[in-house]
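What you see below is based on every heavy atom in this structure, not just the backbone, and it leaves out hydrogens, waters and symmetry mates.
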Amino acid sequence: MSAAPISASTSNAPSLDVDHQAGERLRLRGRWTLEYATAIGAALRAAPKGGQGIDATGVDRLDSIGVLQLLRYAKRKGLDDSAFAFRED
């Protein structure tokens, strides 16, 4: 009997879109965690060039891998901490 391959569920996969009314701000959704590290990298690499900020209020879960990926993205874009918006909780 062989084991089924382990794969991340797509129901909470990380995603992003652009809020054109908020100055090209990226809106993040889903889980930005180790489980989705590959998808996070792909999403950020595919992000539009002109992003002016990051709205992470729609993120369900964020761990150190997600934070590191976001910090790398911000550094490449020349964004500082004020470019991020997180939920209060």
Are any non-hydrogen side-chain atoms of Ile40 and Thr33 less than 4.5 angstrom apart? no
So do Ser64 and Leu34 actually touch side chain to side chain, heavy atoms under 4.5 Å? no
Looking only at heavy atoms, the pair that brings Ala37 and Ile65 closest together is CB-CG2, 4.0 Å
Using a 6.0 Å cut-off, check whether atom CG of Asp81 has over 12 heavy atoms from anything other than its own residue. no
Can you hop from Leu28 to Val18 via hydrophobic side chains spaced under 4.5 Å? yes
Heavy atoms of Arg25 and Ala83 approach each other most closely as NH2-O, 3.3 Å
Would a single hydrophobic cluster contain both Leu68 and Phe86, if residues Ile, Leu, Val, Met, Phe, Trp and Tyr are joined by side-chain heavy-atom contacts under 4.5 Å? no
Quick one: which of Leu62, Val59, Asp60 gives a side chain to side chain contact (heavy atoms under 4.5 Å, CB included) with Arg31? Asp60
Show your working on side chain to side chain contact (heavy atoms under 4.5 Å, CB included) between Asn12 and Tyr36 and close with a plain yes or no. CA-CA 9 Å; Asn12 291 317; Tyr36 297 103; 4.1 Å; yes
Minimum heavy-atom separation for Pro48 to Lys77, with atom names? O-NZ, 3.7 Å
Are Val67 and Trp32 connected in the hydrophobic side-chain network, where two residues link if heavy atoms are under 4.5 Å apart? yes
Joint cluster assignment, Tyr73 & Leu71, ILVMFWY side-chain distance < 4.5 Å: yes
Side chains of Leu44 and Leu16 in contact at under 4.5 Å (non-hydrogen atoms): yes
Inter-residue atom distance Ile54.CD1 - Leu79.CG, 0.5 Å rounding: 5.5 Å
Determine, step by step, whether Arg27 and Asp17 satisfy the salt bridge (Lys or Arg N to Asp or Glu O under 4.0 Å) criterion, reporting the C-alpha distance in whole Å, the side-chain angles of both residues, the deciding distance to 0.1 Å, and the verdict. CA-CA 5 Å; Arg27 287 186 303 198; Asp17 60 18; 2.9 Å; yes
